[in-house]
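The structure appears right after this line, and notes come after that.
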Amino acid sequence: MNHLLRLNGLNAGYGTIHVLYDVSLECGEGEAIAIVGPNGSGKTTLLNTIFRLADIFSGSITFDGKEIGHERPHKVARNGIAYLRQEGNVFPSMPVAENLKMGGFTLPKREVKGRIEEVLSLVKPVRAFFRRTAGTLSGGERQMVALASALMSRPKLLLMDEPTTGLSPVAAGEIAELIGKLKGEGHLSMLIVEQNLKKILNVVDCCSLLVSGRMMLSGKPEDLLSRSDIMRTYLGLS
Amino acid sequence: MASLIDALTYSALLGLMGFGLTLIRRTTGVWNVAHGEVVTVGSYVTLTLTASLAWNPYLTLPMAFLVCAALSGLVFLIGIEPIRARGASAILLLVVTIAISLVLTAAINIYSDYLQNVFHISAKSFLLTRLDFYLWGQPGILWVSWAALAIATGSYYIFLQYTRTGLALRAMVDQPVLATVMGANARSLSLLSWCLAGGATGLAGCLLPLRFQCNPSIGTTMIATMFAVSIFGGTDKMYGPLLAGIVLGFAQIYGIDLLSSWIGPQVIPYKDLIPMIVLVLTLQFLPQGLSGFSRQRG
(Lines give C-alpha, C1' and ligand atoms only; values in the text may rest on other atoms or scores of the structure.)
Protein backbone atom coordinates (compact mmCIF):
# COMPACT_ATOMS: atom_id res chain seq x y z
CA MET A 1 0.00 0.00 0.00
CA ASN A 2 1.31 3.48 -0.87
CA HIS A 3 1.71 5.71 2.13
CA LEU A 4 -0.32 8.87 1.72
CA LEU A 5 0.58 10.35 5.10
CA ARG A 6 3.72 9.67 7.05
CA LEU A 7 4.57 11.20 10.42
CA ASN A 8 8.13 10.58 11.45
CA GLY A 9 9.50 11.22 14.96
CA LEU A 10 7.11 14.10 15.56
CA ASN A 11 7.63 16.28 18.62
CA ALA A 12 4.98 18.97 18.84
CA GLY A 13 2.95 21.18 21.17
CA TYR A 14 1.83 24.74 21.78
CA GLY A 15 4.50 27.39 22.42
CA THR A 16 6.66 25.98 25.18
CA ILE A 17 4.24 23.19 26.08
CA HIS A 18 5.41 19.85 24.76
CA VAL A 19 2.48 17.52 24.00
CA LEU A 20 3.60 14.91 21.46
CA TYR A 21 6.78 12.90 21.91
CA ASP A 22 8.43 11.11 19.00
CA VAL A 23 5.18 10.16 17.32
CA SER A 24 5.40 8.16 14.09
CA LEU A 25 2.46 7.01 12.01
CA GLU A 26 1.71 5.93 8.47
CA CYS A 27 -1.61 6.03 6.67
CA GLY A 28 -2.07 4.42 3.27
CA GLU A 29 -4.37 5.42 0.42
CA GLY A 30 -7.96 4.50 1.27
CA GLU A 31 -6.95 3.41 4.75
CA ALA A 32 -8.83 4.42 7.91
CA ILE A 33 -6.89 4.68 11.15
CA ALA A 34 -8.36 5.31 14.57
CA ILE A 35 -6.34 7.21 17.13
CA VAL A 36 -7.58 6.27 20.57
CA GLY A 37 -6.44 7.18 24.02
CA PRO A 38 -7.53 8.73 27.30
CA ASN A 39 -8.43 12.41 27.71
CA GLY A 40 -5.44 14.71 27.46
CA SER A 41 -3.27 12.18 25.67
CA GLY A 42 -2.64 14.51 22.71
CA LYS A 43 -5.06 13.06 20.13
CA THR A 44 -6.45 16.43 19.04
CA THR A 45 -2.95 17.93 19.11
CA LEU A 46 -1.86 15.22 16.70
CA LEU A 47 -4.52 16.30 14.19
CA ASN A 48 -3.78 19.98 14.85
CA THR A 49 -0.09 19.32 14.19
CA ILE A 50 -0.81 17.80 10.78
CA PHE A 51 -2.63 21.04 9.96
CA ARG A 52 0.07 23.23 11.55
CA LEU A 53 -2.38 24.50 14.14
CA ALA A 54 0.16 23.30 16.72
CA ASP A 55 3.91 23.94 16.69
CA ILE A 56 6.29 21.30 15.38
CA PHE A 57 9.49 21.12 17.44
CA SER A 58 11.11 18.32 15.43
CA GLY A 59 10.24 15.48 13.09
CA SER A 60 8.56 15.52 9.71
CA ILE A 61 5.15 15.21 8.08
CA THR A 62 5.03 13.90 4.53
CA PHE A 63 1.79 13.93 2.54
CA ASP A 64 1.53 12.43 -0.92
CA GLY A 65 5.32 12.39 -1.16
CA LYS A 66 5.68 16.04 -0.19
CA GLU A 67 7.00 17.48 3.07
CA ILE A 68 4.19 19.63 4.52
CA GLY A 69 5.49 20.19 8.04
CA HIS A 70 6.58 23.75 7.26
CA GLU A 71 3.44 24.80 5.34
CA ARG A 72 0.85 27.21 6.69
CA PRO A 73 -2.63 25.77 7.45
CA HIS A 74 -4.36 27.10 4.33
CA LYS A 75 -1.64 25.55 2.17
CA VAL A 76 -2.05 22.21 3.96
CA ALA A 77 -5.74 22.30 3.01
CA ARG A 78 -4.83 22.96 -0.62
CA ASN A 79 -2.77 19.74 -0.67
CA GLY A 80 -5.97 17.72 -0.28
CA ILE A 81 -6.42 17.36 3.47
CA ALA A 82 -9.71 18.22 5.19
CA TYR A 83 -10.28 18.54 8.91
CA LEU A 84 -13.54 17.87 10.73
CA ARG A 85 -12.92 19.55 14.05
CA GLN A 86 -14.72 18.61 17.24
CA GLU A 87 -15.77 22.18 18.06
CA GLY A 88 -16.24 25.26 15.93
CA ASN A 89 -16.80 23.09 12.87
CA VAL A 90 -19.51 25.17 11.17
CA PHE A 91 -19.91 28.88 10.46
CA PRO A 92 -22.89 29.56 12.74
CA SER A 93 -24.04 32.86 11.24
CA MET A 94 -23.98 31.53 7.67
CA PRO A 95 -26.61 29.37 5.95
CA VAL A 96 -25.76 25.73 5.35
CA ALA A 97 -25.46 26.45 1.62
CA GLU A 98 -22.71 28.98 2.30
CA ASN A 99 -21.02 26.59 4.73
CA LEU A 100 -20.76 24.11 1.88
CA LYS A 101 -19.54 26.78 -0.54
CA MET A 102 -16.84 27.69 1.94
CA GLY A 103 -15.96 24.00 2.25
CA GLY A 104 -15.24 24.08 -1.48
CA PHE A 105 -13.07 27.18 -1.24
CA THR A 106 -10.05 25.42 -2.73
CA LEU A 107 -12.03 24.15 -5.76
CA PRO A 108 -12.24 26.12 -9.00
CA LYS A 109 -15.32 28.35 -8.80
CA ARG A 110 -17.11 26.62 -11.68
CA GLU A 111 -16.95 23.25 -9.90
CA VAL A 112 -18.50 24.32 -6.61
CA LYS A 113 -22.18 24.06 -7.59
CA GLY A 114 -21.78 20.57 -9.02
CA ARG A 115 -19.77 19.44 -6.04
CA ILE A 116 -22.51 20.65 -3.67
CA GLU A 117 -24.97 18.36 -5.49
CA GLU A 118 -22.53 15.43 -5.24
CA VAL A 119 -22.00 15.99 -1.52
CA LEU A 120 -25.74 16.37 -0.89
CA SER A 121 -26.36 13.04 -2.56
CA LEU A 122 -23.76 11.52 -0.25
CA VAL A 123 -24.78 13.26 2.98
CA LYS A 124 -28.52 13.18 2.23
CA PRO A 125 -29.96 14.58 5.48
CA VAL A 126 -28.27 17.95 4.84
CA ARG A 127 -30.67 18.67 1.96
CA ALA A 128 -33.52 19.01 4.50
CA PHE A 129 -31.90 22.00 6.21
CA PHE A 130 -29.86 23.35 3.31
CA ARG A 131 -31.35 26.86 3.55
CA ARG A 132 -31.21 27.17 7.33
CA THR A 133 -28.58 29.11 9.26
CA ALA A 134 -26.02 26.68 10.67
CA GLY A 135 -26.21 28.22 14.15
CA THR A 136 -29.87 27.16 14.48
CA LEU A 137 -29.19 23.45 13.87
CA SER A 138 -29.01 20.67 16.46
CA GLY A 139 -25.67 19.06 17.35
CA GLY A 140 -26.26 16.12 15.03
CA GLU A 141 -27.36 18.32 12.14
CA ARG A 142 -24.32 20.55 12.61
CA GLN A 143 -22.05 17.53 12.53
CA MET A 144 -23.68 16.44 9.25
CA VAL A 145 -23.06 19.91 7.80
CA ALA A 146 -19.47 19.87 9.07
CA LEU A 147 -18.86 16.48 7.47
CA ALA A 148 -20.47 17.60 4.20
CA SER A 149 -18.36 20.81 4.22
CA ALA A 150 -15.19 18.79 4.84
CA LEU A 151 -16.01 16.58 1.85
CA MET A 152 -16.60 19.54 -0.46
CA SER A 153 -12.91 19.98 -1.30
CA ARG A 154 -12.61 16.37 -2.60
CA PRO A 155 -9.95 15.60 0.02
CA LYS A 156 -7.58 12.66 -0.23
CA LEU A 157 -7.29 12.55 3.56
CA LEU A 158 -9.98 13.42 6.10
CA LEU A 159 -9.00 14.12 9.68
CA MET A 160 -11.90 13.68 12.13
CA ASP A 161 -11.77 14.73 15.75
CA GLU A 162 -14.31 12.76 17.81
CA PRO A 163 -17.04 12.98 15.18
CA THR A 164 -19.69 11.30 17.36
CA THR A 165 -18.92 12.88 20.74
CA GLY A 166 -21.76 14.81 22.36
CA LEU A 167 -24.36 13.54 19.89
CA SER A 168 -27.53 11.59 20.64
CA PRO A 169 -27.26 7.83 20.00
CA VAL A 170 -29.35 8.24 16.83
CA ALA A 171 -27.23 11.11 15.47
CA ALA A 172 -24.00 9.33 16.45
CA GLY A 173 -25.25 6.23 14.62
CA GLU A 174 -26.01 8.27 11.50
CA ILE A 175 -22.55 9.84 11.52
CA ALA A 176 -20.88 6.45 12.06
CA GLU A 177 -22.94 5.06 9.18
CA LEU A 178 -21.82 7.91 6.93
CA ILE A 179 -18.18 7.36 7.85
CA GLY A 180 -18.66 3.69 7.00
CA LYS A 181 -20.15 4.68 3.64
CA LEU A 182 -17.16 6.91 2.88
CA LYS A 183 -14.82 4.11 3.83
CA GLY A 184 -16.77 1.75 1.56
CA GLU A 185 -16.13 3.98 -1.43
CA GLY A 186 -12.44 3.27 -0.92
CA HIS A 187 -10.93 6.54 -2.20
CA LEU A 188 -10.70 8.51 0.99
CA SER A 189 -8.09 7.97 3.70
CA MET A 190 -9.23 8.80 7.20
CA LEU A 191 -7.57 9.54 10.50
CA ILE A 192 -10.24 9.37 13.18
CA VAL A 193 -9.73 10.45 16.76
CA GLU A 194 -12.37 8.70 18.84
CA GLN A 195 -12.76 7.98 22.54
CA ASN A 196 -15.18 5.15 21.93
CA LEU A 197 -13.45 2.60 19.77
CA LYS A 198 -16.53 0.36 19.61
CA LYS A 199 -18.44 3.00 17.63
CA ILE A 200 -16.04 2.92 14.73
CA LEU A 201 -14.78 -0.63 15.06
CA ASN A 202 -16.23 -1.73 11.74
CA VAL A 203 -14.90 1.26 9.86
CA VAL A 204 -11.20 1.38 10.65
CA ASP A 205 -8.38 -0.80 9.36
CA CYS A 206 -5.96 -0.02 12.14
CA CYS A 207 -5.93 1.46 15.64
CA SER A 208 -3.17 3.41 17.35
CA LEU A 209 -3.14 4.03 21.06
CA LEU A 210 -1.79 7.39 22.17
CA VAL A 211 -1.01 7.84 25.87
CA SER A 212 0.61 10.96 27.39
CA GLY A 213 1.69 12.10 23.93
CA ARG A 214 3.43 8.83 23.07
CA MET A 215 2.29 6.18 20.63
CA MET A 216 1.96 3.09 22.81
CA LEU A 217 0.91 0.53 20.22
CA SER A 218 -0.76 0.03 16.87
CA GLY A 219 -2.68 -2.89 15.47
CA LYS A 220 -5.95 -4.27 14.18
CA PRO A 221 -8.96 -2.95 16.12
CA GLU A 222 -10.01 -6.45 17.17
CA ASP A 223 -6.52 -7.07 18.57
CA LEU A 224 -6.76 -3.91 20.61
CA LEU A 225 -10.25 -4.79 21.82
CA SER A 226 -9.04 -8.21 22.92
CA ARG A 227 -6.45 -6.60 25.23
CA SER A 228 -8.69 -6.15 28.26
CA ASP A 229 -5.83 -4.65 30.31
CA ILE A 230 -5.37 -1.83 27.80
CA MET A 231 -9.07 -1.29 27.31
CA ARG A 232 -9.58 -1.00 31.06
CA THR A 233 -6.51 1.10 31.88
CA TYR A 234 -6.49 3.57 29.03
CA LEU A 235 -9.96 3.62 27.52
CA GLY A 236 -12.16 2.93 30.52
CA LEU A 237 -13.84 0.03 28.71
CA SER A 238 -14.33 -3.43 30.10
CA MET B 1 -31.30 73.90 10.58
CA ALA B 2 -27.51 74.17 11.02
CA SER B 3 -27.71 71.71 13.90
CA LEU B 4 -29.72 69.29 11.79
CA ILE B 5 -27.17 69.44 8.97
CA ASP B 6 -24.36 69.04 11.51
CA ALA B 7 -26.11 66.04 13.06
CA LEU B 8 -26.88 64.38 9.72
CA THR B 9 -23.34 64.88 8.39
CA TYR B 10 -21.65 63.89 11.63
CA SER B 11 -23.83 60.75 11.88
CA ALA B 12 -22.93 59.59 8.38
CA LEU B 13 -19.22 60.17 9.00
CA LEU B 14 -19.33 58.43 12.38
CA GLY B 15 -21.07 55.50 10.70
CA LEU B 16 -18.22 55.16 8.20
CA MET B 17 -15.58 55.41 10.92
CA GLY B 18 -17.37 52.92 13.19
CA PHE B 19 -17.85 50.54 10.27
CA GLY B 20 -14.09 50.44 9.69
CA LEU B 21 -13.32 49.91 13.36
CA THR B 22 -15.86 47.10 13.61
CA LEU B 23 -14.60 45.39 10.45
CA ILE B 24 -11.08 45.25 11.90
CA ARG B 25 -12.35 44.11 15.27
CA ARG B 26 -14.46 41.35 13.73
CA THR B 27 -11.90 40.00 11.30
CA THR B 28 -8.73 40.21 13.36
CA GLY B 29 -9.90 40.71 16.94
CA VAL B 30 -7.94 43.96 17.31
CA TRP B 31 -9.30 47.14 18.89
CA ASN B 32 -7.39 49.57 16.72
CA VAL B 33 -6.70 52.82 18.58
CA ALA B 34 -4.66 54.06 15.59
CA HIS B 35 -7.92 54.13 13.58
CA GLY B 36 -8.34 57.77 14.71
CA GLU B 37 -5.12 58.79 12.98
CA VAL B 38 -6.36 57.20 9.75
CA VAL B 39 -9.26 59.69 9.88
CA THR B 40 -6.79 62.53 10.35
CA VAL B 41 -4.66 61.34 7.43
CA GLY B 42 -7.81 61.34 5.25
CA SER B 43 -8.43 64.98 6.23
CA TYR B 44 -4.82 65.93 5.43
CA VAL B 45 -4.96 64.23 2.03
CA THR B 46 -7.90 66.52 1.21
CA LEU B 47 -6.19 69.59 2.64
CA THR B 48 -2.99 68.89 0.72
CA LEU B 49 -4.68 68.32 -2.63
CA THR B 50 -7.13 71.21 -2.31
CA ALA B 51 -4.52 73.70 -1.05
CA SER B 52 -1.56 72.77 -3.17
CA LEU B 53 -3.16 71.50 -6.39
CA ALA B 54 -6.50 73.31 -6.12
CA TRP B 55 -8.45 70.07 -6.46
CA ASN B 56 -12.15 70.03 -5.74
CA PRO B 57 -12.40 68.43 -2.26
CA TYR B 58 -14.82 65.77 -3.50
CA LEU B 59 -12.34 64.68 -6.18
CA THR B 60 -9.90 63.83 -3.39
CA LEU B 61 -12.20 61.06 -2.13
CA PRO B 62 -10.58 58.25 -4.20
CA MET B 63 -7.11 59.45 -3.23
CA ALA B 64 -8.07 59.58 0.47
CA PHE B 65 -9.51 56.07 0.16
CA LEU B 66 -6.31 54.73 -1.41
CA VAL B 67 -3.87 56.50 0.93
CA CYS B 68 -5.79 55.48 4.06
CA ALA B 69 -6.27 51.89 2.81
CA ALA B 70 -2.52 51.68 2.21
CA LEU B 71 -1.72 53.22 5.59
CA SER B 72 -4.06 50.86 7.39
CA GLY B 73 -2.60 47.90 5.51
CA LEU B 74 0.93 48.98 6.46
CA VAL B 75 -0.07 49.34 10.11
CA PHE B 76 -1.34 45.75 9.97
CA LEU B 77 1.67 44.33 8.14
CA ILE B 78 4.39 46.12 10.09
CA GLY B 79 2.83 46.71 13.49
CA ILE B 80 0.22 44.04 14.10
CA GLU B 81 0.81 40.85 12.14
CA PRO B 82 4.37 40.08 13.30
CA ILE B 83 3.27 40.36 16.94
CA ARG B 84 -0.04 38.58 16.39
CA ALA B 85 1.76 35.70 14.67
CA ARG B 86 3.70 35.16 17.90
CA GLY B 87 0.42 34.69 19.77
CA ALA B 88 0.05 38.17 21.32
CA SER B 89 -3.09 38.68 23.40
CA ALA B 90 -5.84 41.14 22.45
CA ILE B 91 -4.68 43.47 25.26
CA LEU B 92 -1.11 43.48 23.99
CA LEU B 93 -2.31 44.24 20.47
CA LEU B 94 -4.42 47.10 21.85
CA VAL B 95 -1.29 48.50 23.50
CA VAL B 96 0.59 48.16 20.21
CA THR B 97 -2.11 50.18 18.42
CA ILE B 98 -1.79 52.89 21.11
CA ALA B 99 1.94 53.07 20.36
CA ILE B 100 1.25 53.23 16.62
CA SER B 101 -1.32 55.95 17.26
CA LEU B 102 1.32 58.05 19.07
CA VAL B 103 3.82 57.56 16.25
CA LEU B 104 1.25 58.54 13.62
CA THR B 105 0.13 61.58 15.63
CA ALA B 106 3.74 62.75 15.76
CA ALA B 107 4.13 62.16 12.02
CA ILE B 108 0.94 64.08 11.25
CA ASN B 109 2.11 66.98 13.44
CA ILE B 110 5.45 67.09 11.62
CA TYR B 111 3.61 67.01 8.29
CA SER B 112 1.26 69.82 9.29
CA ASP B 113 4.27 71.91 10.42
CA TYR B 114 5.87 71.21 7.08
CA LEU B 115 2.76 72.32 5.17
CA GLN B 116 2.48 75.44 7.29
CA ASN B 117 6.13 76.47 7.29
CA VAL B 118 7.15 75.51 3.78
CA PHE B 119 3.95 75.98 1.76
CA HIS B 120 2.22 78.51 4.06
CA ILE B 121 -0.91 76.41 4.15
CA SER B 122 -2.97 76.84 7.30
CA ALA B 123 -2.57 73.23 8.40
CA LYS B 124 -2.75 73.44 12.20
CA SER B 125 -6.46 74.18 12.14
CA PHE B 126 -8.53 74.14 8.98
CA LEU B 127 -12.08 74.16 7.73
CA LEU B 128 -12.91 73.77 4.05
CA THR B 129 -16.58 74.84 3.99
CA ARG B 130 -15.75 77.61 1.54
CA LEU B 131 -14.93 74.95 -1.06
CA ASP B 132 -18.30 73.23 -0.71
CA PHE B 133 -21.13 73.49 -3.22
CA TYR B 134 -24.84 73.97 -2.53
CA LEU B 135 -27.67 71.81 -3.79
CA TRP B 136 -31.34 72.66 -3.10
CA GLY B 137 -30.13 75.27 -0.66
CA GLN B 138 -28.15 72.79 1.43
CA PRO B 139 -24.39 72.27 1.56
CA GLY B 140 -22.98 69.51 -0.66
CA ILE B 141 -21.39 67.74 2.31
CA LEU B 142 -24.85 66.78 3.55
CA TRP B 143 -25.65 64.92 0.33
CA VAL B 144 -22.18 63.57 -0.31
CA SER B 145 -21.63 62.22 3.22
CA TRP B 146 -24.84 60.21 3.00
CA ALA B 147 -24.10 59.16 -0.56
CA ALA B 148 -20.61 58.04 0.54
CA LEU B 149 -22.13 56.09 3.42
CA ALA B 150 -24.71 54.47 1.12
CA ILE B 151 -22.21 53.67 -1.64
CA ALA B 152 -19.58 52.36 0.78
CA THR B 153 -22.13 50.25 2.63
CA GLY B 154 -23.68 48.98 -0.61
CA SER B 155 -20.32 48.15 -2.21
CA TYR B 156 -19.07 46.43 0.90
CA TYR B 157 -22.35 44.50 1.17
CA ILE B 158 -22.11 43.31 -2.44
CA PHE B 159 -18.45 42.43 -1.97
CA LEU B 160 -19.04 40.52 1.26
CA GLN B 161 -22.24 38.82 0.10
CA TYR B 162 -21.61 37.97 -3.53
CA THR B 163 -17.89 37.36 -4.02
CA ARG B 164 -15.76 34.40 -3.03
CA THR B 165 -13.27 36.56 -1.16
CA GLY B 166 -16.19 38.21 0.65
CA LEU B 167 -17.49 34.78 1.65
CA ALA B 168 -14.05 33.86 2.99
CA LEU B 169 -13.86 37.14 4.89
CA ARG B 170 -17.24 36.49 6.53
CA ALA B 171 -16.14 32.95 7.29
CA MET B 172 -13.00 34.36 8.95
CA VAL B 173 -15.19 36.54 11.12
CA ASP B 174 -17.36 33.59 12.11
CA GLN B 175 -14.75 30.85 12.73
CA PRO B 176 -11.21 31.95 11.84
CA VAL B 177 -9.58 28.56 12.42
CA LEU B 178 -12.22 26.70 10.42
CA ALA B 179 -11.90 29.16 7.53
CA THR B 180 -8.15 28.59 7.55
CA VAL B 181 -8.38 24.79 7.52
CA MET B 182 -10.75 25.13 4.56
CA GLY B 183 -7.99 26.88 2.62
CA ALA B 184 -8.61 30.58 3.29
CA ASN B 185 -5.40 32.56 3.72
CA ALA B 186 -5.95 34.25 7.07
CA ARG B 187 -3.10 36.72 6.64
CA SER B 188 -4.22 37.99 3.23
CA LEU B 189 -7.83 38.26 4.34
CA SER B 190 -6.85 40.14 7.48
CA LEU B 191 -4.75 42.51 5.39
CA LEU B 192 -7.67 43.03 3.04
CA SER B 193 -10.03 43.81 5.91
CA TRP B 194 -7.59 46.37 7.33
CA CYS B 195 -7.27 48.01 3.90
CA LEU B 196 -11.05 48.10 3.38
CA ALA B 197 -11.56 49.50 6.88
CA GLY B 198 -8.86 52.11 6.34
CA GLY B 199 -10.38 53.10 3.00
CA ALA B 200 -13.87 53.61 4.47
CA THR B 201 -12.40 55.63 7.32
CA GLY B 202 -10.34 57.67 4.86
CA LEU B 203 -13.56 58.68 3.09
CA ALA B 204 -14.93 59.96 6.41
CA GLY B 205 -11.67 61.81 7.12
CA CYS B 206 -11.73 63.37 3.66
CA LEU B 207 -15.25 64.76 4.15
CA LEU B 208 -14.79 65.88 7.77
CA PRO B 209 -13.11 69.29 7.08
CA LEU B 210 -15.97 70.29 4.78
CA ARG B 211 -18.17 70.77 7.85
CA PHE B 212 -16.03 70.47 10.99
CA GLN B 213 -12.84 72.18 12.14
CA CYS B 214 -9.90 69.83 11.75
CA ASN B 215 -6.42 69.76 13.28
CA PRO B 216 -3.60 67.19 13.66
CA SER B 217 -5.36 65.54 16.60
CA ILE B 218 -8.93 65.45 15.23
CA GLY B 219 -8.92 61.66 14.85
CA THR B 220 -7.30 61.16 18.24
CA THR B 221 -10.03 63.16 19.93
CA MET B 222 -12.70 61.19 18.06
CA ILE B 223 -11.37 57.68 18.74
CA ALA B 224 -13.35 57.28 21.97
CA THR B 225 -16.53 58.18 20.09
CA MET B 226 -15.63 55.66 17.35
CA PHE B 227 -15.20 52.98 20.01
CA ALA B 228 -18.60 53.94 21.43
CA VAL B 229 -20.14 53.63 17.95
CA SER B 230 -18.54 50.23 17.42
CA ILE B 231 -19.56 48.85 20.82
CA PHE B 232 -23.04 50.41 20.77
CA GLY B 233 -23.57 49.05 17.24
CA GLY B 234 -22.45 45.59 18.31
CA THR B 235 -20.07 43.36 16.45
CA ASP B 236 -22.70 40.87 15.29
CA LYS B 237 -23.80 42.59 12.11
CA MET B 238 -22.04 45.06 9.89
CA TYR B 239 -25.09 47.39 9.87
CA GLY B 240 -24.70 47.84 13.65
CA PRO B 241 -22.10 50.63 13.56
CA LEU B 242 -23.98 52.45 10.79
CA LEU B 243 -27.10 52.57 12.93
CA ALA B 244 -25.08 53.42 16.03
CA GLY B 245 -23.32 56.25 14.16
CA ILE B 246 -26.68 57.81 13.37
CA VAL B 247 -27.99 57.48 16.93
CA LEU B 248 -24.79 58.72 18.57
CA GLY B 249 -24.23 61.51 16.03
CA PHE B 250 -27.68 62.92 16.73
CA ALA B 251 -27.33 62.35 20.48
CA GLN B 252 -24.03 64.21 20.55
CA ILE B 253 -25.06 67.20 18.43
CA TYR B 254 -28.59 67.64 19.78
CA GLY B 255 -27.72 66.50 23.30
CA ILE B 256 -25.09 69.22 23.68
CA ASP B 257 -27.42 71.81 22.12
CA LEU B 258 -30.07 70.89 24.66
CA LEU B 259 -27.67 70.85 27.61
CA SER B 260 -26.10 74.19 26.68
CA SER B 261 -29.53 75.81 26.44
CA TRP B 262 -30.36 74.50 29.93
CA ILE B 263 -27.03 74.84 31.74
CA GLY B 264 -25.03 77.26 29.61
CA PRO B 265 -22.33 77.21 26.93
CA GLN B 266 -19.71 76.01 29.43
CA VAL B 267 -20.89 72.41 28.84
CA ILE B 268 -20.02 72.44 25.11
CA PRO B 269 -16.38 71.25 25.60
CA TYR B 270 -17.79 68.16 27.31
CA LYS B 271 -19.81 66.98 24.32
CA ASP B 272 -17.63 63.88 23.96
CA LEU B 273 -19.01 62.67 27.29
CA ILE B 274 -22.35 61.84 25.63
CA PRO B 275 -21.04 58.87 23.62
CA MET B 276 -19.06 57.78 26.68
CA ILE B 277 -22.25 57.69 28.73
CA VAL B 278 -23.93 55.68 25.95
CA LEU B 279 -20.89 53.37 25.93
CA VAL B 280 -21.13 52.72 29.67
CA LEU B 281 -24.89 52.16 29.49
CA THR B 282 -24.44 49.80 26.53
CA LEU B 283 -21.84 47.73 28.36
CA GLN B 284 -24.11 47.62 31.42
CA PHE B 285 -27.46 46.84 29.82
CA LEU B 286 -26.92 45.81 26.19
CA PRO B 287 -23.44 44.27 26.03
CA GLN B 288 -24.03 42.88 22.54
CA GLY B 289 -25.05 46.29 21.24
CA LEU B 290 -27.84 47.15 18.81
CA SER B 291 -27.28 44.13 16.55
CA GLY B 292 -27.50 41.83 19.59
CA PHE B 293 -30.73 43.58 20.58
CA SER B 294 -32.24 43.01 17.14
CA ARG B 295 -31.26 39.34 17.30
CA GLN B 296 -32.92 38.93 20.72
CA ARG B 297 -36.09 40.56 19.39
CA GLY B 298 -35.98 38.40 16.26
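Proteins come first, then strands; the chains are lettered A, B, ... in the order of their sequence lines, and each starts at number 1.
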Under 3.5 Å, is there a donor-acceptor pair linking the side chains of B:W31 and B:T97? no

Taking every non-hydrogen pair under 4.5 Å, which of B:G183, B:A186, B:A179, B:A168 racks up the most with chain A? B:G183

Atom pair OH (B:Y156) and CD1 (B:I151), whose distance is rounded to the nearest 0.5 Å: 12.5 Å

Which atoms of A:F51 approach chain B - backbone, side chain, both or neither, heavy atom under 4.5 Å: side chain

Name the region of A:V112, side chain, backbone, both or neither, that has any atom closer than 4.5 Å to a heavy atom of chain B. side chain

Between CD1 of A:I33 and SG of A:C27, what distance do you get to the nearest 0.5 Å? 4.0 Å

Can you tell if the side chain of B:V173 reaches within under 4.5 Å of the side chain of A:F91, non-hydrogen atoms only? no

B:I231 CD1 to B:R25 CZ distance, which is reported to the nearest 0.5 Å: 8.5 Å

Report every donor-acceptor pair between chain B and chain A with a separation under 3.5 Å, backbone and side chains included.
from	atom 1	to	atom 2	distance (Å)
B:R164	NH1	A:L107	O	3.1
B:R164	NH2	A:G104	O	3.0
B:R164	NH2	A:F105	O	3.3
B:R164	NH2	A:L107	O	2.6
B:R170	NH1	A:E98	OE1	2.9
B:R170	NH2	A:E98	OE1	3.4
B:R170	NH2	A:E98	OE2	3.0
B:D174	OD1	A:S93	OG	2.9
B:D174	OD2	A:S93	N	2.9
B:D174	OD2	A:S93	OG	2.9
B:G183	O	A:R78	NE	3.1
B:G183	O	A:R78	NH2	2.5
B:N185	OD1	A:R72	NH2	3.2
B:N185	ND2	A:H74	NE2	3.3

With a 4.5 Å heavy-atom cut-off, do A:V90 and A:V96 have their side chains touching? no

What verdict does the ring-ring contact (aromatic ring centres under 6.0 Å, His included) test give for B:F250 and B:Y10, after you've listed the backbone C-alpha separation in whole Å, the side-chain angles of each residue and the deciding distance to 0.1 Å? CA-CA 8 Å; B:F250 270 80; B:Y10 190 61; 10.0 Å; no

